[in-house]
Amino acid sequence: MSRQLTRLPEVVVMLDNASHPASSALAATVLRVSLGVVFLAHAGAKWFIFTLEGTARFFVAHGFPGWTATPVFAMELLGGLALIAGLRVRLVSLALLPVLLGAFASHASLGWMFTNPGGGWEYVAFLIMALVTQVLLGSGAFAVDGALARNVSVNHGSVAQTSTS
C-alpha cells in the first residue's frame with residue numbers, strides 16, 4: 001500500500017503536465033481502445049442484429065454495392081481487434097478511414113445530428129477525426145506494437161519508441 005502512495009505524486013505530476021510522455025501514451029491508449037470497441041460494436045451489429053444480408057440491402061439502398069457489406073464487416077471486426085490489441089495501429093487506423101468515409105457519404109444527406117431519422121453525419125465525422133488523431137498519436141502504452149518494437153530493439157540493438165508504431 002505504501003508503494004502505491006509513494007507513486008501518487010508521480011501520477012499527479014503526470015496529470016498536471018499534459019506534455020508528460022506518459023500522459024500522451026495513456027491518451028493514445030484510451031483513444032485506441034475506445035475506437036476498437038466502437039468498431040467491434042459496429043461489426044457485431046452487422047452480424048447479430050442486421051445480419052450481413054440486411055447490411056448488404058442497406059448498402060445497396062445507399063448506393064454502395066451489396067457485396068461490400070462483407071469486407072466492411074471484416075474490416076470493422078479485424079480492425080477493432082487490432083486496435084484493442086495495439087497491433088499496427090497507424091496502418092489499421094488508415095485502413096479504417098475508407099469505411100467511415102463510406103458511412104459519412106450515406107449519412108451526409110440525413111442532417112447533422114446522429115439522432116435524426118436514419119442518423120446524421122456528426123458521429124461519423126467525429127469517428128473520422130478520432131481515427132486521424134490515432135494515426136498521428138500512434139499506439140500508445142500497453143500495445144503489441146510496443147512489445148514488438150522492444151523485441152526488435154533488443155535483437156538489433158536499436159532504440160524504438162512505442163508511440164511511433
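The CG atom of Leu31 lies 6.5 Å from the OG1 atom of Thr133; values are rounded to the nearest 0.5 Å. Interatomic distance, CZ of Arg57 versus CZ of Phe50, reported as 11.5 Å (0.5 Å rounding). Rounded to the nearest 0.5 angstrom, Leu96 CG and Leu91 CG are separated by 9.5 Å. The CD1 atom of Ile128 sits 11.5 Å away from atom CZ of Phe126, with the distance rounded to the nearest 0.5 Å.
The main-chain N or O of Leu137 is never found under 3.5 Å from a side-chain atom of Arg32 such that the two would form a donor-acceptor pair. Side-chain N or O atoms of Thr51 include none that pairs as donor or acceptor with a backbone N or O of Trp47 at under 3.5 Å. Listed for the Arg90 side chain is no donor-acceptor partner under 3.5 Å among the backbone atoms of Gln134. For Asp145 (side chain) and Arg88 (main-chain N/O), a donor-acceptor pair under 3.5 Å exists by modelled atom type.
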One pair to check against side-chain contact (heavy atoms from CB on, under 4.5 Å): Val99 and Phe73. What are the steps and the verdict?
CA-CA 10 Å; Val99 171; Phe73 162 76; over 6 Å; no
Please report the C-alpha distance between Leu127 and Leu35 in whole Å, then the side-chain angles of each, then the deciding distance to 0.1 Å, and finally whether the side-chain contact (heavy atoms from CB on, under 4.5 Å) criterion is met.
CA-CA 8 Å; Leu127 290 176; Leu35 282 168; 4.0 Å; yes
Evaluate Phe64 against Val72 for side-chain contact (heavy atoms from CB on, under 4.5 Å), listing each step before the verdict.
CA-CA 11 Å; Phe64 297 99; Val72 166; over 6 Å; no
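A pairwise comparison of heavy atoms in Ala28 and Gly140 identifies CB-CA, 3.6 Å as the closest pair. Heavy-atom minimum distance, Ser139 versus Gly86: OG-O, 4.1 Å. Considering all non-hydrogen atoms of both residues, Leu26 and Ala141 come closest at CD2-CB, 4.3 Å.
Around the CZ atom of Phe142, the shell of radius 6.0 Å holds no more than 12 heavy atoms that belong to other residues, nucleotides or ligands.
Linking Ile, Leu, Val, Met, Phe, Trp and Tyr residues whenever their side-chain heavy atoms come within less than 4.5 Å leaves Val33 and Leu78 in two separate clusters. Linking Ile, Leu, Val, Met, Phe, Trp and Tyr residues whenever their side-chain heavy atoms come within less than 4.5 Å places Leu131 and Val135 in a single cluster. Linking Ile, Leu, Val, Met, Phe, Trp and Tyr whenever their side-chain heavy atoms come within less than 4.5 Å puts Leu77 and Ile84 in one cluster. Linking ILVMFWY residues whenever their side-chain heavy atoms come closer than 4.5 Å, directly or via other members, leaves Val60 and Trp67 in distinct clusters. In the hydrophobic clustering of ILVMFWY residues, with side-chain heavy atoms under 4.5 Å counting as a link, Leu94 and Leu100 come out together.
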Donor-acceptor pairs are to be reported for all side-chain atoms of residues 104-113 against protein atoms at under 3.5 Å, with residues two or more places apart or in another chain.
unit_1, atom_1, unit_2, atom_2, d
Ser106, OG, Ala103, O, 2.9
His107, ND1, Gly118, O, 3.3
His107, ND1, Gly119, O, 3.2

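With sequence neighbours left out, the side chain to side chain donor-acceptor pair (under 3.5 Å) criterion links Glu76 to Lys46.
Under the 4.5 Å side-chain criterion, counting only non-hydrogen atoms from C-beta, Val89 is in contact with Ser93. Side-chain atoms of Val132 and Leu97, non-hydrogen and from C-beta on, do get closer than 4.5 Å to each other.
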